[in-house]
Amino acid sequence: MEKSYDPAEVEGRIYDFWISSGLHQSEITDSAKVFSIVIPPPNVTGSLHIGHALNSTIQDILIRYKRMKDFDVLWVPGTDHAGIATQMMVEKDLASEGLTKNDLGRDKFLERIWQWKETSGSRITEQLKRLGALPDWEMERFTLDEGLSEAVRKVFVDLYSQGLIYKDKRLVNWDPELRTAISDLEVEQRETQGNYWHIRYPIEGDDGLSITVATTRPETMLGDTAVAVHPNDPRYSALVGRNAVLPLVGRKIPVIVDEYSDPEKGTGAVKITPGHDFNDFEVGKRNDLDIINILDERGYVEGDVPEKYSGLERFEARKAVIEDLEDGGFLVKVEQTVHTVPYGDRSGAIVEPWLTDQWYVNAVELAVQATSCVERGDIRFHPKFWESTYFEWMKNIEPWCISRQLWWGHRIPAWYGPDGEIFVATNEHEAIACAEKHYGEEVTLVRDPDVLDTWFSSGLWPFSTLGWPQDTEELGHYYPTSCLVTGFDIIFFWVARMIMLGLKFMGDVPFKDVYVHGLIRDAKGRKMSKTTGNVIDPIDVIEKYGADALRFSLAALAAQGRDIKLTFPVIEGYRNFMNKIWNATRFVFMNLEPGLVYDSDVDNSHLSVPDRWILTRLNVTLGEVEGFIENYEFDKASQALYHFIWDDYCDWYLEISKFSLYGEDDESKKTTLNVLVRVLLRSLRALHPFAPYITEEIFRIFGEKGINLPESEGLSSKSILDAQYPTPSGAEMFKDESEQVELIKGVVTGIRNLRATMGVHPSEKVLVHLNSENDEVENILRGNLEIILGMASLGDCIVCGEDSPGKAVSEIVSGVEIVMPVENLLDLEKEISRLSKDLAKVSQDLKKTESKLANRDFIDRAPEDVVEKEKGKLEEFQNHKKKLEEILKKLSVV
RNA sequence: GAGCACGUAGCUCAGGGGCAGAGCACUUGCUUGACGUGCAAGGGGUCGCAGGUUCAAUUCCUGCCGUGCUCACCA
């Protein structure tokens, strides 16, 4: 083995091994234990960013863990066609050739996107492999696959026939750049510096009389059809019922009363533009106002407006309108203001409310079940507080606009007859048949040109990927899926829609748990973005530190409910951890004599005290790790393993094992070797979901060593992934010996501390006295002398003997007095000051405990074990204090 | 405006009614035969502030201050 672990050499080879061994594949058995996950499908256009790395690492941990626990495991991978994003990308590509999509036409354009998808669409899945993610690649799906498209059509037709999908003419968020409708969720509100323009509208038939309104979008006045005032606003009551004359246009518009008008805001009179403002649209409906559309799909002025403005781009029109208002003396004043402006999240263009025909899903209706299933606990969010956010959104849910004026996506399965009659069907044949029945003759149908919102198809992902609407074996076996791992940014976009549609079409929740992880941020806590230039590319990290180091870092940082600040020093630290494991293995191999390893279980009666301690620590850790993973506490799970392996196994057990391995006692050596090997192998198995590559590689090398271990150690498996996940064994928990070792560790640390403070060179074999008045403690010290001598590198150690008469330094640890004679080295004053500090501390502790125990209420009301513990502390502190005082007394005599 | 989080060591963060923890950074020592991507020892905290509950509060409750996120409104 090399001196350092080299991930680059290992990872590709190991991944190929997993695939060629078919370890990624799911297999339906009659086992009752089933665990399934569907990947949140990344955009097919995308490349792996660090957020995907976190998301996939967590899923891979769960999948590997459950697989090792003998579950029927399925992880479905795949990608999303990402309507707008993909179409934009290919359009940009075309633009560089001086072409637009219209030059190609719909069919050719789609052909081109498919072509692109075939050549570059697999990039992100290839990158997932680098991370070590092992979904069932045979199950890979794409949202535009035929099967998934069939699911989309069926859902559309069914919802339509139930009235849950309908076509409606109302205002939508219109993206003039992309020239499509978008949903509320795709609109981003941004704070923007803008103006209030106060505009005076003259009152008809009364020179000098006027009403002033304020607006941030003056060009919309071209479409005004009323001015509204509050019914209780005395300032304007005289004007109600009269007409205002719209400046620049000349149209007479009524002054009406409507509760919407807020006397506190602006001038208290508000212009009403039902065609271009969501609130005004409602006012218009209530008051039966005309709706005047003044914009085309590009955001250029058109329609029933003065010719002067027709054809102007909307912001050009704004300028012109303001200028003319000013010239005409209608502009009363301009006020600076900060207000929020809606932008399209993809295009970055300012969105316009625009009156169009669009398809909607009645989300309010679907939200009822979707809310109650979470209330009932059929779906649990982790961390739980996301449920509040989910409920909040579901409570205020609006109709979901699902049609998009794009070409790339699932085309809406609706056809129109010559008179506009709508025929919704899963295919054209059916639509034609329906039409024939309706008209009594054959007619030509025109298909709706629009496609569906991308989230419509991804909302079906948990069951469409499993074969629905076919009644497949996978669907029956793996639905509902066990867990969904996702970021909070798509809870509404995606998670909520899956829940609504899963309940509707499968009659059951799509997943039982939703694990919501945080967002990865840079060292300063900023979002990572290309424009800020602070992105960490996971592939770069993998190349520099290895996939395991990246995965382990992400897991270790994944505390629930918190974003992750990812920094290189942390990744480096876990890279070092991988190297540590590598070198611990090297140590074991250096001492490995295959013939000495038993092919049966170790006889407990042969185990030494340290053996029993490390086995206990291992089993405690395994129990913790199991609980943590089941609770999605990956940070705690990974850190428990980290500390066990590094602190317990490497820093203590492995060092202690040397006394036995390099000693004369063959029987002891044999047992130690067995424990070393077994604890390592079990640790590796426990670690495998977190660090799959290095654990598999070491496992492989172990396999080459020709040692025979019992089946339960899993070494006979072809892959570590095929071995059992280690479970804690009660038979290997030794409380007494564990406490002994903890005591010894404390004493050793105490001795090392004395050496360090006295500046005794590490190689100098000094003498130490250990004193205790407790027989049991004395026995423990005597029984573990070899460890104390070796670990503290002592020349000799006298337990409970006569103290040497000369100068010495001392320390008390767990009631054991450590005395180290130092003859010439002693700085008396320093030593007294050091011990006095200890004395002050222990006196304070003692006082606190004494007053607690003197408190009647404490004795009466505190639980018994707490009181007992306090009494124990009292004794310990008293003892400690007494000893310190004695030592100080002796020192002052010297 | 509404909702949800978060304020703990220099930094990043765990924790949790009963003696405050980790990693990194820092200081000191170390060619100990697995590892300097290492070993050993150490310093460092009014647990945001103020009340309340409790025998006991850093932990639970209330308020305040500060930070972040989400949604809504903005004539």
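Order of the sequence lines fixes the chain letters, A, B, ..., with proteins taken first and strands second; residue numbering starts at 1 for each chain. Side chains are part of it too, since the values below use all heavy atoms of this structure and drop only hydrogens, waters and symmetry mates.
Distance noted for atom P between B/C65 and B/A56: 29 Å (whole Å). Between B/G36 and B/C30, the distance separating the two C1' atoms is 11 Å to the nearest Å. Taking the C1' atom of each, B/G68 and B/G52 are spaced 28 Å apart, rounded to whole Å. For the C1' atom pair drawn from B/U32 and B/U67, the interatomic distance equals 49 Å after rounding to whole Å. Comparing the same atom, P, in B/G21 and in B/U28 gives a spacing of 25 Å after rounding to whole Å. Taking atom C1' on both nucleotides, B/G23 is separated from B/U37 by 15 Å, rounded to a whole Å. A distance of about 33 Å separates the C1' atoms of B/U53 and B/G44, rounded to the whole Å. Comparing B/G33 with B/C39, their P atoms sit 14 Å apart, to the nearest whole Å.
Under the 6.0 Å cut-off for aromatic ring centres, A/F702 and A/F589 qualify, their centroids lying closer than that. Ring-centre distance between A/F634 and A/F690: not below the 6.0 Å cut-off.
When each of A/D647 and A/D635 is assigned the nucleotide of RNA chain B bearing its nearest heavy atom, the one mapping closer to the 5' terminus is A/D635. Both A/F488 and A/H643 sit near RNA chain B, but only A/H643 has its closest nucleotide nearer the 5' end.
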Inset, instruction - Encode nucleotides 33-45 of chain B as B, S and - characters from 5' to 3', where the letter depends on protein heavy atoms closer than 4.0 Å: B to the base, S only to sugar-phosphate, - to neither. - result: BBBSBSSSSS---
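Here the CG atom belonging to A/L185 is positioned 15.0 Å from the CH2 atom belonging to A/W494, to the nearest 0.5 angstrom. Separation of atoms OH (A/Y196) and OG1 (A/T216) is listed at 7.0 Å; rounding is to 0.5 Å.
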Inset, instruction - Take A/S183 and A/E186, measure what side-chain hydrogen bond (donor to acceptor under 3.5 Å, both in side chains) needs, and give me the verdict at the end. - result: CA-CA 5 Å; A/S183 73; A/E186 290 161 290; 2.9 Å; yes
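If you check every strand for non-hydrogen atoms under 4.0 Å, A/K636 touches sugar and phosphate atoms only. Among the protein residues, A/K265 comes within range of the nucleic acid bases, having at least one heavy atom under 4.0 Å from a base atom. Contact annotation for A/V866: base contact, defined as any heavy-atom pair under 4.0 Å involving a base atom. Contact annotation for A/P863: base contact, defined as any heavy-atom pair under 4.0 Å involving a base atom. Contacts of A/Y390 with the nucleic acid, taken as non-hydrogen atoms under 4.0 Å apart, are absent. Looking at heavy-atom distances under 4.0 Å, A/F391 makes no contact with the nucleic acid at all. Within 4.0 Å (heavy atoms only), A/A559 reaches sugar-phosphate atoms of the nucleic acid but no base atom. Using a 4.0 Å heavy-atom criterion, one finds that A/S261 contacts the bases of the nucleic acid, with or without backbone contacts as well.
Not one side-chain nitrogen or oxygen of A/T389 sits closer than 4.0 Å to the OP1 or OP2 atom of B/C4.
For A/E392, taking side-chain heavy atoms from C-beta onward, the closest of the listed nucleotides B/G3, B/G23, B/G29 is B/G3. The side chain of A/P762 sits closest to B/C30 out of B/C30, B/G18, B/C4. With B/A75, B/C13, B/C19 as the choices, the nucleotide that has an atom nearest any side-chain atom of A/K869 turns out to be B/C19. In this structure, of B/C4, B/C19, B/G7, it is B/G7 that holds the atom nearest to the side chain of A/R562.
Not counting sequence neighbours, the partners of A/R318 by the salt bridge (Lys or Arg N to Asp or Glu O under 4.0 Å) test are A/E219.
The interatomic distance linking A/E864 (CD) with B/G18 (C1') rounds to 15 Å, in whole Å.
Looking at A/F381, A/F488, A/F391 one by one, the single match for ring-ring contact (aromatic ring centres under 6.0 Å, His included) with A/W386 turns out to be A/F488. Tested against A/H230 for a side chain to side chain contact (heavy atoms under 4.5 Å, CB included), the candidates A/K265, A/R235, A/E259, A/E264 yield a single pass: A/E259.
Residue pairs that meet the salt bridge (charged side-chain N to carboxylate O under 4.0 Å, His left out) test with at least one member in residues 552-562 of chain A, sequence neighbours left out, do not exist here.
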